Amino acid sequence: MEEKTIQSNFIRNIVINDLETGKHNKIITRFPPEPNGYLHIGHAKAITLNFELADEFNGETNLRFDDTNPEKEEEEYVRSIIEDVSWLGFDWERLLYASDYFDEMYERAILLIKKGKAYVDELSSDEIREYRGTLTEPGKESPFRNRPIEESLTLFQEMKEGKHPDGSMVLRAKIDMTSPNMNMRDPVIYRIIHADHHNTGDKWCIYPMYDYAHPLEDAIEGITHSLCTLEFEDHRPLYDWVVRECEMESIPRQIEFARLNITNTVMSKRKLKVLVEEGIVDSWDDPRMPTISGLRRRGYTPEAIKNFCRAIGISKTNSVVDQQMLEHFIREDLKLKAPRTMAVLRPLKVVITNYPKDQVELLEAENNPDNPEMGVRTIPFSREIYIEQEDFMENPPKKYFRLFPGNEVRLKNAYFIKCNKVIKDEEGNVVELHCTYDPETKSGTGFTGRKVKGTIHWVEASQAIPAEIRLYEPLILDEEEQEDKDFLENINSNSLEILEGFVEPNMVDVKPQDKFQFFRHGYFNVDPKHTTKEKITFNRIVSLKSSFKL
RNA sequence: UGGGGUAUCGCCAAGUCGGUAAGGCACCAGACUUUGACUCUGGCAUUCGUAGGUUCGAGUCCUGCUACCCCAGCCA
């Protein structure tokens, strides 16, 4: 169920204009993750934007790893990012790495030095910081700023050859130490890092900084529209400076948009990492995580995620999208896709006293009333069944349509039953119900003799399959207006609830990632990690909406 | 107190040359219902941060305020 209703947004308008005016005949975008962590739904927003924008206008999109810092990046992340982007259903034109361009970047740096636009600085990092000035005070020029070009050339060569230790010197762009834009105060563009790179091994011991590397990567690939998040707005003058001074032929345009925030969760890599490291969740793909892998394990589909990304729009406003919006799109997608089945999460045994002992009859049930093509299945029915604890109340309030003493309800796909007797344990807890059924009310016979207000789900007791069912709630509690509060103080300690319930016997052969609608409960996914031959574990993706209030 | 941004319904978000406020989520009411689900119908901004100005007419133009976000990594 993909809805490709294209929503207008300011970036798309820019593209349309660029195409109409002939500035570009074809657009090329890119998704440039740094392979230093797992992708989350915020990345999905950027991925969807880049790929679909190019696709709409017959352009191309590259997947490019921005691997300019070997100390933080790993092959494992490259693998997971590729997996996630593919899973979302996007095909890149080219799979590239910033490290593919290290040679060219080095040559362009030499060009800058020769033009007097860059110099090797031997100030320490602390000194560089001091010389940089502050937000309100201009910086000072480094004593090395005006050293001879030949000297910088030699030193830069030596940096590359590994003749100098980490931190001893850097290559800086020579721009303006008094600029009100801190990024223009002679930014460092190359630093020495003696570390193995996942792609280039030990070939290099100097690595370009983002602000220098990124515009070159874009220009080299012929990227026309380089989309990034708001915090890079201040970097745009530097981006343009690099493209211009390095004399790149292709001129990419950087355009910034707001990153995604969703209520009741966290989105930064840093915070997600804390959740994993503090053991608040058990891994990056924990079903409570907003990571692509977490959402996948929870049971979200690529279509739902993409529809969500399309629906939230693109703008420059800092915003927080209601998490209910995400839930809406998975419900919508699974409505027609997920077969219905009955599962009892908190079992209460019911004995149907007038039903013959030792009789088991097979009943027919629709797999999806909203999608008849999904066919029917048969389910067993007998004298003993389980129903949901919350579907019975001994002393119900008004408007309680479910089972209570003397009341009659419909068992979905089976018969009407009436509750006659409540069995309790010593502590007064209801442990069993005795009911009677009416053979004339069998589902599918067209019985119209009388109506009942409630229909409840059930599972036949002797053949029911025990299953583990995991219910999730948001990781983060609704925040009150408390600034500077550590997000860990708002952690929802009840974000996971594990239940032992029963599912229909025909669930024996489910496979990991199979999705179902548990009748009257919500949508569930077969967990790929916890499910074993002995026991199936289901993750609740999302509950059904409900207007029922006790 | 420097620079860069943003302010349209509870939450997202469209709003071409100024012409008299799309849509989605949420919510409320009703209909339907073998899911208190779905679906359907109706309701949800006389108003676009605020104060002025220009104009026959301004969310869209001008001016002044206000609030919030980002920037002082040899991170991206």
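Below, chain A is the first sequence line, B the second, and so on; all start at residue 1. Remember, it's a predicted structure, so these values are computed and weren't measured experimentally.
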Checklist entry - Take atom CD in A/E440; do more than 12 heavy atoms of anything else shown fall under 6.0 Å from it? => result no
Checklist entry - Near A/R259 CZ, under 6.0 Å, is it more than 12 heavy atoms from other residues, nucleotides or ligands? => result no
Have a look at [X] and say if it touches a base, only the backbone sugar-phosphate, or nothing, with a 4.0 Å heavy-atom cut-off.
X	value
A/S124	base
A/M209	sugar-phosphate
A/I312	sugar-phosphate
A/K316	sugar-phosphate
A/L334	nothing
A/R236	nothing
A/R340	base
A/I456	nothing
A/H214	nothing
A/V188	sugar-phosphate
A/F232	base
A/G444	base
A/F257	nothing
A/K453	nothing

Item to check | salt bridge (Lys or Arg N to Asp or Glu O under 4.0 Å) partner of A/D438, the single match among A/K418, A/R450, A/R410 | outcome: A/R450
Checklist entry - Do the non-hydrogen side-chain atoms of A/L260 and A/I41 ever get within less than 4.5 Å of each other? => result yes
Checklist entry - If we only count heavy atoms from C-beta on, is the A/L171 to A/I206 side-chain gap below 4.5 Å? => result no
Is the phosphate of [N], meaning OP1 or OP2, less than 4.0 Å from a side-chain N or O of [X]?
X	N	value
A/S547	B/G36	no
A/S319	B/A13	yes
A/T455	B/G36	no
A/R172	B/C74	no
A/R331	B/C25	no
A/S8	B/G15	yes
A/R132	B/G73	yes
A/R450	B/U34	no
A/N13	B/G15	yes
A/K545	B/C38	yes

Could you work out the separation of [N] and [M] based on their [atom1] atoms and round it to a whole Å?
N	M	atom1	answer
B/G49	B/G5	C1'	15 Å
B/G30	B/C68	P	42 Å
B/A29	B/C48	C1'	28 Å
B/U55	B/U60	P	16 Å
B/G24	B/U35	C1'	25 Å
B/G64	B/U1	P	16 Å
B/G23	B/A37	P	24 Å
B/A22	B/G42	P	16 Å

Restricting both atoms to N or O, compile the protein contacts to nucleotides 16-24 of chain B shorter than 3.5 Å, with distance only.
none

Checklist entry - Any donor-acceptor pair under 3.5 Å joining the side chain of A/D234 to the base of B/G3? => result yes
Next on the checklist: Within the 3.5 Å criterion, strictly below it, is a donor on A/Y119 or A/D186 matched to an acceptor on the partner's side chain?
Outcome noted: yes
Checklist entry - If you check the A/T68 side chain, which of B/A76, B/U35, B/C25 turns out closest? => result B/A76
Checklist entry - Nearest to the side chain of A/L135, which nucleotide is it out of B/C71, B/A76, B/U35? => result B/C71
Next on the checklist: Show, in sequence, the C-alpha distance, side-chain angles and deciding distance for A/Y300 and A/F329, and conclude whether the ring-ring contact (aromatic ring centres under 6.0 Å, His included) test is met.
Outcome noted: CA-CA 9 Å; A/Y300 272 83; A/F329 285 99; over 10 Å; no
Checklist entry - Is the base of B/G73 syn or anti, where syn means the angle lies within 90° of 0? => result syn
Checklist entry - Of A/P180 and A/S443, whose nearest nucleotide on RNA chain B comes first from the 5' end? => result A/P180
Next on the checklist: Strictly distance-based, threshold 3.5 Å: is any side-chain N or O of A/E73 a donor or acceptor partner for the main-chain N or O of A/P35?
Outcome noted: no
Checklist entry - Paired with B/A67: which nucleotide, if any, by Watson-Crick or G-U wobble criteria at under 3.5 Å for both distances? => result B/U6
Next on the checklist: Working note: A/F232 + A/Y239, criterion ring-ring contact (aromatic ring centres under 6.0 Å, His included); need CA distance, chi angles, decisive distance, verdict.
Outcome noted: CA-CA 10 Å; A/F232 290 104; A/Y239 182 99; 9.8 Å; no
